[in-house]
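Working notes for the structure below.
Order of the sequence lines sets the chain letters (A, B, ...), proteins ahead of strands, with each chain counted from 1.
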There are 2 protein chains.
Amino acid sequence: MHNDYLKQVKSYLMSLQDAICQQLAQADGEQSFQEDSWDRPGGGGGRSRIMKNGAVFEQGGVGFSHVYGEKMPASATAHRPELEGRDFNACGVSLVMHPENPMVPTVHMNVRFFIAQKEGEEPVWWFGGGFDLTPFYPFDQDIIEWHQQAKNALDSVDEKLYPEYKAWCDDYFFLKHRDEARGVGGIFFDDLNDRSFDECFSVIKAVGDAFTKAYLPIVERRKNLAYTQQQRDFQLYRRGRYVEFNLVWDRGTLFGLQTGGRTESILMSMPPLARWEYNWQAEPGSAEEQLTEYYLKPRDWLSV
Amino acid sequence: MHNDYLKQVKSYLMSLQDAICQQLAQADGEQSFQEDSWDRPGGGGGRSRIMKNGAVFEQGGVGFSHVYGEKMPASATAHRPELEGRDFNACGVSLVMHPENPMVPTVHMNVRFFIAQKEGEEPVWWFGGGFDLTPFYPFDQDIIEWHQQAKNALDSVDEKLYPEYKAWCDDYFFLKHRDEARGVGGIFFDDLNDRSFDECFSVIKAVGDAFTKAYLPIVERRKNLAYTQQQRDFQLYRRGRYVEFNLVWDRGTLFGLQTGGRTESILMSMPPLARWEYNWQAEPGSAEEQLTEYYLKPRDWLSV
């Protein structure tokens with residue numbers, strides 16, 4: 001029965017990767033995803049799907065991975081003694097898409113499942129995931145609809161979830177060294193196991209299935225908007241912040257890189273091009289200033 | 001007398017910043033450095049000098065800082081109980097220059113001094129520093145002369161130093177998640193206090209004074225070489241590695257960003273433009289492949 005847990009989740013995640021790639025490629029209209037399959041020496045592997053130089057997406061990837069082992073690494077059991085002596089399986093779908101047009105937001109989505117088993121004992125498992133949006137030139141309509149889709153998805157399981165996961169997202173995707181949110185948020189959760197397996201599983205299914213419904217209407221509305229070289233430069237500058245968050249604050253990235261994870265898969269989230277400039281300051285009253293002064297402060301977008 | 005230590009070092013460091021900026025600006029020929037002075041709320045401050053869009057240097061900075069406080073932060077005394085109850089002064093000069101032409105290497109140099117005092121007790125102090133070179137299309141002559149200058153500088157104090165600091169540099173500037181050195185090395189040292197103050201001070205003076213002698217001849221030889229768009233793209237791709245090292249592995253950067261240091265000064269080292277591409281592979285037998293397969297493996301450049 002517990003192998004059935006893993007089987008169910010894995011099957012859902014692989015279909016989700018297929019569906020998302022198909023829909024993102026359709027939205028792009030020019031490029032599709034190229035698949036790169038890889039094996040993990042310790043057990044398991046993944047299929048990374050990459051799009052480059054699309055009409056909409058300058059670069060991005062949608063990765064599926066399933067890694068397993070007979071024994072949890074010591075670093076993982078140090079703070080979770082209940083996992084000692086168990087095997088483990090971890091699987092997930094993770095994506096970041098970097099549009100070329102600065103009017104289209106960068107986006108991130110992830111859903112994941114972890115299970116550690118031992119003969120004769122109940123399995124230890126949990127789910128995690130979420131999605132969050134990083135616009136450069138935000139439109140209120142986009143942000144509100146994005147959050148509304150997130151809320152609708154979670155409300156289908158329990159109306160308590162959206163407020164909690166929305167706040168968790170604001171808290172997690174925050175660059176303390178800049179005192180800035182990474183974007184306009186969305187939802188984030190981890191260690192989800194306080195309900196039945198079926199109910200917890202239904203949370204990541206709701207999140208996974210809602211992603212394209214939340215993101216693609218924004219892409220459609222903004223992908224043909226005109227933009228200037230100055231706006232493009234600002235996008236590249238802001239992508240520097242994305243790099244800073246991922247390498248300095250994202251626990252998964254930092255832990256993965258420092259403990260021998262598969263570098264190319266972990267860094268699939270990096271932008272195709274990013275820019276830094278010492279002490280750059282937006283013009284007072286400009287859209288660029290409004291981004292950091294208004295949009296990148298956590299707020300309740302469904303009551304604006 | 002111990003305030004005299006600080007005074008001597010600070011005076012040297014400020015002159016060093018002046019001299020280096022003057023010589024780098026002369027080598028550039030078009031742009032000079034713009035100074036941005038800043039105060040640290042807890043005590044002290046710095047003067048950051050930035051060059052942008054030069055004829056040679058696309059972007060770079062030479063920073064001087066002197067920060068102090070009545071009390072060491074708890075994070076700093078946790079592993080150094082001898083520092084508890086002491087005031088502290090830390091000063092240094094740090095630079096990174098990113099040339100536009102991929103035939104000219106990116107360069108980093110740093111010299112620093114730390115002193116913690118308590119009335120009626122001997123001061124605790126140490127020096128650190130070094131310089132290291134990150135070429136994209138390396139020339140053996142450049143690397144050998146770079147290391148020869150480093151050796152000459154350190155030999156003037158003690159012939160034992162170069163081999164030790166050269167190995168330390170190879171060890172420190174290494175991207176474990178890529179299994180690659182950041183560049184072709186140079187020298188690196190920290191916690192230097194096992195000689196008299198005067199002798200230790202003479203080490204950082206030798207290093208500081210040798211920097212432009214080691215770097216500028218390389219700039220002169222390579223700055224007018226022609227390059228292709230493909231070589232420029234490769235440079236931007238490799239600059240991604242520079243970002244990865246600084247944000248994932250450099251203790252000073254990571255510690256500074258995670259503990260409220262001045263972000264703009266810490267990230268003065270970031271490149272003006274950097275590029276990432278999933279699983280990019282150099283052509284077999286190409287100069288790009290040779291960079292990682294030959295040059296970015298630590299070797300004894302003075303016995304090649």
(message) Between B:T263 (side chain only) and A:R178 (backbone N and O only), is there a donor and an acceptor less than 3.5 Å apart?
(response) no
(message) Taking ring-ring contact (aromatic ring centres under 6.0 Å, His included) as the cut-off, I'd like each qualifying pair that reaches into residues 269-289 of chain B, sequence neighbours left out, listed once.
(response) B:F234-B:W280, B:Y237-B:W280
(request) Using non-hydrogen atoms and a 4.5 Å limit, figure out which bit of A:R262 sits close to chain B: side chain, backbone, both or neither. (result) side chain
(request) Mind checking the CD1-CG spacing from A:I50 to B:N279? Nearest 0.5 Å is all I need. (result) 8.0 Å
(message) For B:L236, which atoms come within 4.5 Å of any heavy atom of chain A: side chain, backbone, both, or neither?
(response) side chain
(request) Examine whether an atom of A:L273 lies under 4.5 Å from a heavy atom of chain B, and if so say whether it belongs to the side chain, the backbone or both; otherwise answer neither. (result) both
(message) With chain B as the partner, which of A:D36, A:N246, A:D179, A:L254 has the greatest number of non-hydrogen pairs under 4.5 Å?
(response) A:D36
(message) Please enumerate all residues that pass ring pair (Phe, Tyr, Trp, His ring centres under 6.0 Å) together with A:F57, with sequence neighbours excluded.
(response) none
(request) For residues B:V248 and A:Q258, report the shortest heavy-atom separation together with the two atoms involved. (result) O-NE2, 3.1 Å
(message) Using a 6.0 Å cut-off, check whether atom NZ of B:K71 has over 12 heavy atoms from anything other than its own residue.
(response) no
(request) Please determine, among A:H177, A:E244, A:Q59, the option with the most heavy-atom pairs under 4.5 Å with chain B. (result) A:H177
(message) Using a 4.5 angstrom heavy-atom cutoff, name the option from A:T253, A:I266, A:L247 with the most pairs to chain B.
(response) A:L247
(request) Answer with side chain, backbone, both or neither: which region of B:E277 has an atom nearer than 4.5 Å to a non-hydrogen atom of chain A? (result) both
(message) Quick check on A:L267 against chain B: is it the side chain, the backbone, both or neither that has a heavy atom closer than 4.5 Å?
(response) side chain
